[in-house]
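These values consider heavy atoms only, across backbone and side chains, with no hydrogens, waters or symmetry-generated copies. Quick note: residue numbers are just sequence positions, from 1. Each ligand, and each atom within it, is numbered from 1 in the order the structure gives.
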Amino acid sequence: MPPPTLRGRSKTGLSVFWPQRKSFSREKAQKSQREMISVAEAIQIIRQQTAQLPSERVRIEHALGRVLAEDVVADTDLPPFDRAQMDGYAVRAQDVKEAPVRLRIVGESAAGRGWHHQLEEGQAVRIMTGAPVPAGADSVQQVELTHELKDGTVVELLEPVDLGKSIVQRGAEIKAGEVVLRAGTTINAAMMAVLAAFGYAQFDVFRKPRVAVLATGTELVAVDQKPGQDQIRDSNNYSISAYAELAGAVVERMPLTGDETSLLKKQLAEAAKRCDLIVTSGGVSMGVYDVTKAALKELDAESFFERVALRPGKPTVFARLPNGTLVFGLPGNPVSVSVTFNLFARTALLTMQGATEPASKRETAVLARSVKGTVDRESYLPAQLTTNDDAELVAFPLKWGGSSDFVAFALTTALVIVPANVKAIEAGSLVSVLRLS
Ligand code: AMP
Ligand code: MG
């Protein structure tokens, strides 16, 4: 991304510049982080290792949010005929040059019920919005500038009308044969109108990824349980499921597995039978009970990465089971889960669905409060986006208690990205932000 230009002080009083960064000492920055890969490298690996799912045919009623597996081609011109844009009178502009003038009303053209004759000199046709303009007419004068006389057989036009006024020419919007939506597009509500208008009653989209969520941790109890001593409720499975559904997946929840390698292995193998992707949480750090990597290894999974230069979310694991099912082992902290899911698992889900839109959209915002960076790791810090009176995007980093603070994180709408080895970014600087869905 090219650095934004120097803009001096903005009207908000925040001085806007890029970059204003203090660096860590060289020595501190060079501390060995051998197998750690960057976020960009991790995303590249995910794209390379994720196969597109096959397409399937859906009816238009079920297509919202799906990714098109075929181009959508216009089967008609739009509009399909010269169309009136206003209620009024279809006329020949040259007949109205000397307005006020009176013309004989010879017919009526309504939407769906046109007047299909030749309009001659001195004639007018009463016309409604959306109706076809009769042959011979070249302009529509709006009804407000006219009035009818003699029981509706004559109309007086009070003003001249410009040639072509209030007519949308046939094919002015789209010509038959044009591609109107490309394969790889995620269908939104407005696109439903496009599909319907061109007769796409059913069409090909990529299959929805099937995702299993699987939470590890002896401390976890289900949402409908009262946590006992040393216990907490599992919340990750719910946020992961929600993010996965937002990314177009169908989700299956696996039972809680505790921290037992054998149980985890069993659940992973079970989930792999039905799913394209498994997302686990917890158990990927270096503690005695961090069993996820061991379970994957015992299942002969191919590991692509196990540490990413990221805060929060360093111990993220990406692997593939022998049957082809991909696995993300996300760290247990709920905030790490949200960050790593959106950076990594969402990328895989969109790649599976052949989506051309990037999984994470980066924008530039003015930083409202200074933030701290990390040695050797990129930081993704929770923030809220707003705009100020100068229509600038502003990121307010949230005060939060770290990667376990999911209550603060619930207010997050974006992540502020602090590059690795940047010690701090001052308020007023321009920063990259990643909008969360
Ligand atoms: P771990 O990555 O397993 O060391 O877990 C890190 C932290 O996240 C611990 O405080 C866990 O209790 C917490 N945690 C792990 N899994 C979940 C979960 N499913 N829901 C809520 N918190 C969790
Ligand atoms: Mg754990």
Identify whether the distance between the nearest side-chain nitrogen and carboxylate oxygen of [X] and [Y] falls below 4.0 Å.
X	Y	answer
R182	D71	yes
D276	R207	yes
K361	E357	no
E270	K265	no
K314	E378	no

Proximal ligand 1 atoms for [X], defined as those under 4.0 Å from one of its heavy atoms:
X	answer
T216	16 (N)
E219	11 (C), 12 (O), 15 (C)
I232	12 (O), 21 (C), 22 (N), 23 (C)
G283	1 (P), 2 (O), 3 (O)
N333	6 (C), 7 (C), 8 (O)

Subject >> Per-residue contact class, V284 against ligand 1 - non-hydrogen pairs under 4.0 Å >> reply: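 The answer is neither.
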Subject >> side-chain contact (heavy atoms from CB on, under 4.5 Å) evaluation trace for Y238 with R253 >> reply: CA-CA 9 Å; Y238 292 89; R253 274 197 196 94; 3.5 Å; yes
Original post:
Can you tell me if D162 uses its side chain to pair, donor with acceptor, with the backbone of K165 under 3.5 Å?
Top reply: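 Looks like no, no N/O pair under 3.5 Å.
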**OP:** Measure from the side-chain N and O atoms of Y380 to the backbone N and O of L434, and report whether any donor-acceptor pair falls under 3.5 Å.
**Re:**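 Checking the backbone N and O of L434 against the side chain of Y380, no donor-acceptor pair under 3.5 Å is found.
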Does even one non-hydrogen atom of [X] get within less than 4.0 Å of ligand 1?
X	result
N237	no
V337	no
S235	yes
D234	yes

Original post:
Purely on distance, is any nitrogen or oxygen of P331 under 3.5 Å from one on ligand 1?
Top reply: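 No, since none of the N or O atoms of P331 sits under 3.5 Å from an N or O of ligand 1.
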Original post:
Out of S281, G332, A215, G287, who gets a non-hydrogen atom closest to atom 2 (O) of ligand 1?
Top reply: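 Considering heavy atoms of S281, G332, A215, G287, the nearest to atom 2 (O) of ligand 1 sits in G332.
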